[in-house]
Amino acid sequence: MAGEKRLSKRLRKKRLWGRVSNVYAFLVYLFIYVPIIVMVIYSFNDQKNNYYWNGFTTEWYEKLFTNSDLVGYLGISLIVAVAATIISVIIGTIGALGLVRFEFKLKSVISNSLYIPIVVPEVVLGISLLMLFEIANFPLGMTTMILSHATFCIPFVVIIMRGRIAGMDLSIEEASMDLGANRLITFFRVTLPLLIPGIMSGAFMSFTLSIDDVIISNFVAGPYATTLPVKILSMVKTGLSPEVNALTTLMVLVLLVGILINNAVQALLKKRALTNIKSYF
Amino acid sequence: MSENNAMTLAPKKSFLKRNLPVVSTAGPISIWMIIFVMLPLLYILFISFMSRDVYGNIEYTFTTDNYKEMIQPLYLKVIWKSLKLAFLTTVICLVVGYPLAYYIASKPSKLAAKLLMLVMIPYWTSSLVRLFSINQLGMPNGFLNLLLLKLGIVSEPVDFLFSDGIVIMGLLTAMLPFSVLPLYSSIEKLDKSLLEASKDLGANPAKTFIKVTIPLTMPGIVGCVLLVFIPSLGMYYVPEMLGGGKVMLIGTLIKNQFLMTKNWPFGASLAILLILITLAMMWIYTRVGKLDELEVG
């Protein structure tokens with residue numbers, strides 16, 4: 001009897017603890033999501049300054065596509081992000097292979113330098129790149145933006161890829177070489193396909209870092225390569241137009257769809273890899 | 001002549017051929033890191049000891065004036081305030097993020113992955129727009145005041161903007177995901193049997209937490225400090241959007257030296273200060289954890 005009572009008391013305590021932690025987690029998530037929810041609500045608010053709710057409208061969405069240059073800035077953001085992602089995935093993946101597989105003189109210097117763009121405050125990286133381009137007399141614009149974005153994306157790709165490469169089974173590549181393939185063919189037909197999931201998460205990471213970057217872009221953008229975040233920052237002083245809320249709401253939507261597609265593709269790749277392996281036996 | 005040429009080229013070629021796998025893989029990344037990261041940083045160090053003429057051009061004469069300028073009360077105040085706000089942000093991130101990371105780690109791995117994703121999604125939306133939402137919420141005639149007035153908590157609208165508090169709020173929204181990730185990965189690795197052992201040996205939950213859980217998850221804690229404190233120092237757009245230019249932090253100060261007043265040497269010396277703080281933090285981090293294991297995303 002007494003034991004039962006104690007047990008139920010413990011159970012009740014556990015349940016209460018569970019409930020408290022659920023509420024806590026909910027509150028933290030709420031804090032994280034409030035700005036986004038507000039943004040979505042404001043994107044439908046029929047009032048320019050967003051002081052209060054004034055009724056539902058889709059005016060800002062219509063204006064966004066008919067009468068706004070925001071889409072153009074988003075276009076520049078996308079070009080920069082795609083180009084920087086391609087560069088950083090190529091250099092990062094190949095570089096990770098070199099850093100994991102080979103020993104060379106500057107190896108520790110290069111590996112450690114990868115952490116600089118990750119840990120040093122972005123403003124430092126921004127001014128250092130600005131000075132580099134000014135000294136090299138390189139005009140600021142799309143190219144400098146892409147080079148700068150690739151510079152802070154590469155380390156993330158390398159770190160993601162290094163883990164994947166270190167965990168890879170070397171014997172598969174050896175088998176390929178034993179069967180007569182040279183290093184290049186082995187790389188393209190064996191190593192690369194095995195690294196696709198890692199490459200995808202590296203690309204995803206680079207793309208999201210690049211598309212959201214304000215601090216570094218603000219230094220190296222120049223007058224003709226204004227990305228969306230740089231534009232938004234410059235608009236802040238005069239007040240953001242409601243179209244910005246509409247545009248970013250749409251971007252969140254695209255992002256969510258992207259995440260879902262990415263998850264589905266990863267699951268599919270895993271499944272295919274499994275059936276591929278099974279088909280050999 | 002041609003023979004001579006072949007002679008000098010021959011050993012070079014064989015070196016390349018011998019090292020082709022290394023050069024072709026590690027070569028591009030090494031060149032990239034040297035040109036775009038190491039050389040520019042060395043240049044910052046160099047320039048921080050140079051002076052400038054009245055037009056803002058750099059004069060290549062050695063001086064330590066740029067560092068002496070930092071000790072002026074005006075700048076010391078900015079540096080102190082930046083450190084204070086970054087420190088407070090980090091502490092709140094730890095206090096708020098640790099229980100959340102613990103909560104996520106206690107869930108089955110599939111659910112945990114989804115919960116972590118949920119933490120990261122906001123980070124992938126424009127941080128500027130999120131800050132602008134906070135800005136709009138905090139205005140004297142914004143929603144937050146409307147709510148407080150309706151509930152009768154305040155009798156007059158409060159101006160939340162332009163205060164240190166709302167800047168910390170903004171830094172929190174920007175940095176919280178980064179604190180949860182490293183904390184989660186170290187809590188997840190925690191050997192639960194050690195907690196049971198502590199309990200069996202008579203320690204109460206609070207004691208177990210302080211004596212066992214915290215020391216074992218130290219790499220995550222210091223990782224969180226590294227990923228929150230340092231970026232908070234340089235995020236100049238947060239105080240600009242929420243502080244309305246009234247809250248001046250070191251990031252803005254550095255930016256202004258390059259984009260407004262064109263005082264590169266002074267800006268460079270401030271950047272060196274930030275780098276030194278970063279190096280100190282990293283040194284502390286390597287005492288408790290490995291850089292390789294730093295969860296970056």
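Protein chains get the first letters and strands the later ones, always in sequence-line order, with residue 1 at the start of each. Basis for what follows: all heavy atoms, side chains included, without hydrogens, waters or symmetry-related copies.
Of the inter-residue distances, the one linking T25(B) atom OG1 with F187(A) atom CZ reads 9.5 Å to the nearest 0.5 angstrom. Rounded to the nearest 0.5 Å, atoms CD1 (I232(A)) and OG (S127(B)) are 9.0 Å apart. Summarising the geometry, atom OH belonging to Y236(B) is positioned 6.5 Å from atom CG belonging to L233(A); distances are rounded to the nearest 0.5 Å. Here the CG atom belonging to L100(B) is positioned 11.0 Å from the CG atom belonging to L27(A), to the nearest 0.5 angstrom. Taken from OG1 in T208(A) to CE in M120(B), the straight-line distance is 7.5 Å, to the nearest 0.5 Å. Going from atom CZ of F31(A) over to atom CG of L172(B) covers 5.0 Å, rounded to the nearest 0.5 Å.
Using a 4.5 Å cut-off between heavy atoms, I116(A) contacts chain B through its side chain alone, with no backbone atom that close. Looking at I121(B), the atoms closer than 4.5 Å to chain A (heavy atoms on both sides) sit in the backbone and in the side chain alike. Residue L270(B): no heavy atom, backbone or side chain, is found under 4.5 Å from chain A. Contacts of I135(A) with chain B are made by side-chain atoms alone, with heavy-atom separations under 4.5 Å and no backbone atom involved. Heavy atoms closer than 4.5 Å to chain B are found in the side chain of I154(A), but not in its backbone. Both the backbone and the side chain of I230(B) come within less than 4.5 Å of a heavy atom in chain A. The part of I87(A) that comes within reach of chain B is its side chain, from C-beta onward, which places non-hydrogen atoms under 4.5 angstrom from that chain. Using a 4.5 Å cut-off between heavy atoms, F133(A) contacts chain B through its side chain alone, with no backbone atom that close. Heavy atoms closer than 4.5 Å to chain B are found in the side chain of V28(A), but not in its backbone. Proximity to chain A is limited to the backbone of S24(B), based on heavy atoms less than 4.5 angstrom apart. If you measure heavy-atom distances from N22(A) to chain B, the contacts under 4.5 Å come from both the backbone and the side chain. Proximity to chain B involves both the backbone and the side chain of S21(A), based on heavy atoms less than 4.5 angstrom apart. If you measure heavy-atom distances from Y103(B) to chain A, the contacts under 4.5 Å come from the side chain alone. Looking at L114(A), both its backbone and its side chain come within 4.5 Å of chain B, counting heavy atoms on both sides. Proximity to chain B (any heavy atom under 4.5 Å) is restricted, for F204(A), to the side chain, taken from C-beta onward. For M39(A), the parts lying near chain B are the backbone and the side chain together; criterion is any non-hydrogen pair under 4.5 Å. At a 4.5 Å heavy-atom cutoff, I250(B) makes no contact with chain A through either its backbone or its side chain. Contact of L118(B) with chain A is made through backbone and side chain together, with heavy-atom distances under 4.5 Å.
Chosen from G251(B), S106(B), P99(B), the residue pairing most often with chain A at heavy-atom distances under 4.5 Å is P99(B). Comparing L129(A), D212(A), V123(A) by heavy-atom pairs within less than 4.5 Å of chain B, the highest count is held by D212(A). Most heavy-atom pairs under 4.5 Å with chain B: of the set V120(A), I36(A), V244(A), V252(A), this distinction falls to I36(A). Heavy-atom pairs under 4.5 Å with chain B were tallied for V214(A), L209(A), L97(A), I215(A); the largest tally goes to I215(A). With chain A as partner, the option from L115(B), I34(B), L279(B) having the largest number of non-hydrogen pairs under 4.5 angstrom is L115(B).
Side-chain contact check for Y43(B) versus S128(A): every heavy-atom pair is 4.5 Å or farther apart. Two residues are said to be in side-chain contact when any heavy atoms from C-beta on lie closer than 4.5 Å; I29(B) and I94(A) fail this criterion. In this structure, the side chains of L39(B) and L132(A) stay at 4.5 Å or more apart for every pair of heavy atoms. Residues W264(B) and E134(A) form a side-chain contact, since some pair of their non-hydrogen atoms from C-beta on lies under 4.5 Å apart. Using a 4.5 Å cut-off on side-chain heavy atoms (C-beta onward), L130(A) and F258(B) make contact. At least one side-chain heavy atom of V96(B) sits under 4.5 Å from a side-chain heavy atom of Y24(A). You'll find the side chain of M251(A) stays beyond 4.5 Å of the side chain of V129(B), heavy atoms only. Counting heavy atoms from C-beta on, the side chains of M281(B) and V119(A) never come closer than 4.5 Å.
Annotation for P117(A) and V37(B): closest pair CG-CG2, 3.9 Å, computed over non-hydrogen atoms. Between N218(A) and L259(B), the shortest heavy-atom contact is O-CD1, 4.2 Å. Across all their heavy atoms, I127(A) and A271(B) have their closest contact at CD1-CB, 3.6 Å. Annotation for L116(B) and Y29(A): closest pair N-OH, 4.4 Å, computed over non-hydrogen atoms. The two residues P28(B) and I91(A) come nearest to each other via the heavy atoms C-CG2, 4.3 Å.
Applying the 6.0 Å contact sphere to OH of Y60(B) captures more than 12 heavy atoms from other residues, nucleotides or ligands. The number of heavy atoms from other shown groups lying within 6.0 Å of NZ (K114(B)) does not exceed 12.
Looking only at distances, a side-chain donor or acceptor of S133(B) sits under 3.5 Å from a matching main-chain atom of P35(A).
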Worked check of side-chain contact (heavy atoms from CB on, under 4.5 Å) between V124(A) and T278(B): CA-CA 11 Å; V124(A) 175; T278(B) 308; over 6 Å; no
side-chain contact (heavy atoms from CB on, under 4.5 Å) evaluation trace for F132(B) with V38(A): CA-CA 10 Å; F132(B) 195 65; V38(A) 169; over 6 Å; no
